[in-house]
Amino acid sequence: KFNPDTETFEDLPITIPGLRASVVSSANVIYGISAAGFLWSLDTKTNKVEEYGHVVSVPKEQVYTPNMAIDEQWGRLYMIAGGHGITLAGMPILTIFDLKAKKFIWPGKIDVDGCYGAVCGRSHTVYFSCYAVIRGQKDKEGREIRRPVLVRYDPPKSLEGIN
């Protein structure tokens with residue numbers, strides 16, 4: 001923890017499962033995901049760490065997830081789990097974590113190579129900055145074209161029936 005008054009760092013008496021991506025709530029709760037795919041939170045006021053589990057419920061499998069968005073009004077975290085060759089089921093998985101129920105929900109797979117960032121807008125629309133193969137297009141040498149793409153997800157207000 002950095003103390004701006006003394007310009008010094010202090011080690012906190014906590015352990016986290018690792019950090020690959022994170023978001024911070026308006027209450028200064030940090031939500032993080034490890035490189036292996038474990039989701040956790042840190043309440044910066046109490047230094048309490050809470051572990052929620054593996055992003056796709058397969059803790060023996062590493063699922064690279066370098067992205068996360070928060071929707072505080074609906075109480076959700078959004079991620080694209082997997083990418084860059086470290087996926088489960090052959091393709092990254094759109095993942096929602098319901099903060100109230102403390103439950104993972106998987107609406108489906110997304111045909112991208114990986115996702116580098118995510119943000120949730122005021123209308124609850126989630127935007128993911130991804131890297132993907134552009135299907136049906138090839139470069140001059142006949143190789144598949146890969147490039148950055150923006151993926152838009154309009155989540156339902158109710159999560160009932162998803163999974």
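Sorted by first and then second residue, the pairs that involve residues 9-21 and meet side-chain hydrogen bond (donor to acceptor under 3.5 Å, both in side chains), not counting sequence neighbours, are R20-Y64. Screening residues 90-108 for side-chain hydrogen bond (donor to acceptor under 3.5 Å, both in side chains) gives E50-K102 as the qualifying pairs, with residues at least two apart or on separate chains.
Between E144 and K138 there is a side-chain heavy-atom pair separated by less than 4.5 Å. Considering only heavy atoms from C-beta on, I16 stays 4.5 Å or farther from E51 through its side chain.
Hydrophobic clustering of Ile, Leu, Val, Met, Phe, Trp and Tyr side chains at less than 4.5 Å, counting indirect connections, keeps L39 apart from V24. Note on V56 and L99: same hydrophobic cluster, where clusters join Ile, Leu, Val, Met, Phe, Trp and Tyr whose side-chain heavy atoms are under 4.5 Å apart, directly or indirectly. Both M68 and I93 belong to a single network of hydrophobic side chains, linked directly or stepwise wherever heavy atoms of I, L, V, M, F, W or Y lie under 4.5 Å apart. Under the 4.5 Å side-chain heavy-atom criterion for grouping Ile, Leu, Val, Met, Phe, Trp and Tyr, Y131 is not connected to L150 through any hydrophobic cluster. When hydrophobic clusters are built by joining Ile, Leu, Val, Met, Phe, Trp and Tyr residues whose side-chain heavy atoms come closer than 4.5 Å, directly or via intermediates, M79 is grouped together with V23.
In this structure, CD on Q73 lies 11.5 Å from CZ on R122, to the nearest 0.5 angstrom. Rounded to the nearest 0.5 angstrom, W40 CH2 and Y52 OH are separated by 10.0 Å.
The backbone N or O of N47 sits nowhere less than 3.5 Å from a side-chain atom of D43 that would complete a donor-acceptor pair. With hydrogens and angles ignored, the 3.5 Å screen pairs a side-chain donor or acceptor of T65 with a backbone N or O of V63. Judged purely by atom type and a 3.5 angstrom limit, H54 has no side-chain atom pairing as donor or acceptor with the backbone of Q62.
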Which donor-acceptor pairs under 3.5 Å do the side chains of residues 28-36 make with protein atoms, sequence neighbours left out?
unit_1	atom_1	unit_2	atom_2	d
S34	OG	A36	N	3.3
S34	OG	G37	N	3.3
S34	OG	F38	N	3.0

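Within a 6.0 Å radius of CD in E160, no more than 12 heavy atoms belonging to other residues, nucleotides or ligands are found.
Residues passing the side chain to side chain donor-acceptor pair (under 3.5 Å) test with T8 are T6, sequence neighbours excluded. Listed by chain and residue number, S25, S26, I70 satisfy the side-chain contact (heavy atoms from CB on, under 4.5 Å) test with E72 (two or more places apart in sequence, or in another chain).
Shortest non-hydrogen contact noted between C120 and A69 is N-CB, 3.9 Å. Contact between P155 and R76 at its shortest, heavy atoms only, is CB-NH1, 3.9 Å.
Hydrophobic cluster membership for V151: W74, Y78, I80, L94, I96, I105, I110, V112, V126, F128, I134, I145, V149, Y153, L159, I162 (Ile, Leu, Val, Met, Phe, Trp, Tyr linked by side-chain heavy atoms under 4.5 Å, directly or transitively).
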Full working for salt bridge (charged side-chain N to carboxylate O under 4.0 Å, His left out) between D154 and R152: CA-CA 7 Å; D154 292 307; R152 175 184 172 153; 3.1 Å; yes

